[in-house]
Amino acid sequence: SKEYDTGGAHDAHYYTNRVFDLKTGERITEAEIFVEDYQDDLAKIIVDAIALCNNVDKASDLENIGFFNINEIYPNKNFYVDDIGITYTFNEYEIAAYVVGATVRIPYEKIRHLLRKESPIARIAFWAMEVIDRYYPNLSELQREQYAALHDLYAEWNAKINVISRKDMDNLYIHHV
């Protein structure tokens with residue numbers, strides 16, 4: 001991250017994320033992670049996640065709270081990955097006024113259909129369902145989708161009523177399912 005003194009009312013901050021393949025040392029790009037023509041589908045998922053984070057009912061309502069044109073929010077190559085999902089960072093004034101902030105984590109469950117099976121992050125992206133499949137190998141497709149949706153439901157309700165320890169959300173599928 002960088003901070004710039006711009007001489008205005010507040011300093012400017014700029015964040016750049018880089019993801020590297022630990023086996024090769026090479027930088028990982030979105031094209032290596034996602035299937036072809038992923039941008040439109042991922043853009044909708046990102047916008048919906050931003051709407052959820054900002055407690056608005058419709059994505060279009062984001063424009064009423066400081067976001068610019070939501071139709072121009074697209075994957076921006078500024079992301080990092082962890083064992084929960086992919087987090088996109090949108091810098092000040094990229095998609096919203098600086099006070100709004102726009103960092104959004106997309107759980108793998110939401111984007112699994114867009115991920116390449118041979119992607120450098122496939123191992124971490126698909127591990128939760130692999131654990132579930134190991135213990136429950138005969139699940140229907142509907143049951144698999146319901147398990148995949150659990151993370152978002154727990155995250156939403158946990159923020160309201162503390163269903164499980166917030167520190168343990170990263171281990172939801174291992175410790176609580």
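What you see is a predicted model; the values in this text were computed from it and never measured.
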Distance in Å, Ile50 CD1 paired with Ile45 CD1, rounded so as to fall on 0.5 Å steps: 12.0 Å
Considering only distance and modelled atom types, tabulate donor-acceptor pairs under 3.5 Å from the side chains of residues 57-68, sequence neighbours left out.
{"residue": "Glu63", "atom": "OE2", "partner": "Ile70", "partner atom": "N", "Å": "2.9"}

Atom NZ of Lys160: over 12 foreign heavy atoms under 6.0 Å: yes
Heavy-atom check, side chain of Ile73 versus side chain of Tyr88, under 4.5 Å: no
Spatial distance of atom CZ (Arg18) from atom NZ (Lys77) [nearest 0.5 Å]: 12.5 Å
Arg105/Asp82 under salt bridge (Lys or Arg N to Asp or Glu O under 4.0 Å): CA gap, chis, key distance, verdict: CA-CA 10 Å; Arg105 178 187 269 171; Asp82 59 22; 2.4 Å; yes
Closest approach of Arg116 to Ala31 (non-hydrogen atoms, all atoms of both residues): NE-O, 3.0 Å
Heavy-atom donor-acceptor pair, Arg112 side chain to Ala125 backbone, under 3.5 Å: yes
Main-chain N/O of Tyr154 paired with Asn158 side-chain donor or acceptor, under 3.5 Å: no
Main-chain N/O of Asn71 paired to Asn69 side chain as donor or acceptor, under 3.5 Å: yes
Residue pair Gln143 / Tyr136, side-chain heavy-atom distance below 4.5 Å: no
Point-to-point distance, once rounded to the nearest 0.5 Å, from NE2 of His113 to CG of Leu115: 8.5 Å
Pairwise side-chain contact, Tyr74 with Ile95, heavy-atom cut-off 4.5 Å (strictly under): no
Smallest separation among heavy atoms of Glu32 and Thr29, with atom names: OE1-N, 2.8 Å
Sub-4.5 Å side-chain heavy-atom contact between Pro75 and Phe34: no
Side-chain heavy atoms of Asn78 within contact of Phe90, under 4.5 Å: no
Leu150 with Ile161, same ILVMFWY side-chain cluster at under 4.5 Å: yes
Heavy-atom neighbours of Glu36 CD exceed 12 at 6.0 Å: no
Side-chain touch Ile86/Val19, heavy atoms, less than 4.5 angstrom: no
Electrostatic pair Lys44-Asp48, nearest N-O below 4.0 angstrom: yes
Cluster link Tyr93 to Val47, ILVMFWY, side chain under 4.5 Å: yes
Nearest-0.5 Å distance, CG of residue Asn76 to OG1 of residue Thr89: 7.5 Å
Closest non-hydrogen atom pair, Phe79 against Ile28: CZ-O, 3.8 Å
Side chain to side chain, Tyr38 and Ile111, heavy atoms closer than 4.5 Å: no
Neighbour count >12 (heavy atoms, 6.0 Å) for atom CG, Leu22: no
Spacing of CG belonging to Leu114 relative to CD belonging to Glu30, to within rounding of 0.5 Å: 11.5 Å
Co-membership, hydrophobic cluster, residues Leu139 and Leu142, 4.5 Å side-chain: no
Nearest-0.5 Å distance, OH of residue Tyr14 to CG of residue Asn91: 5.5 Å
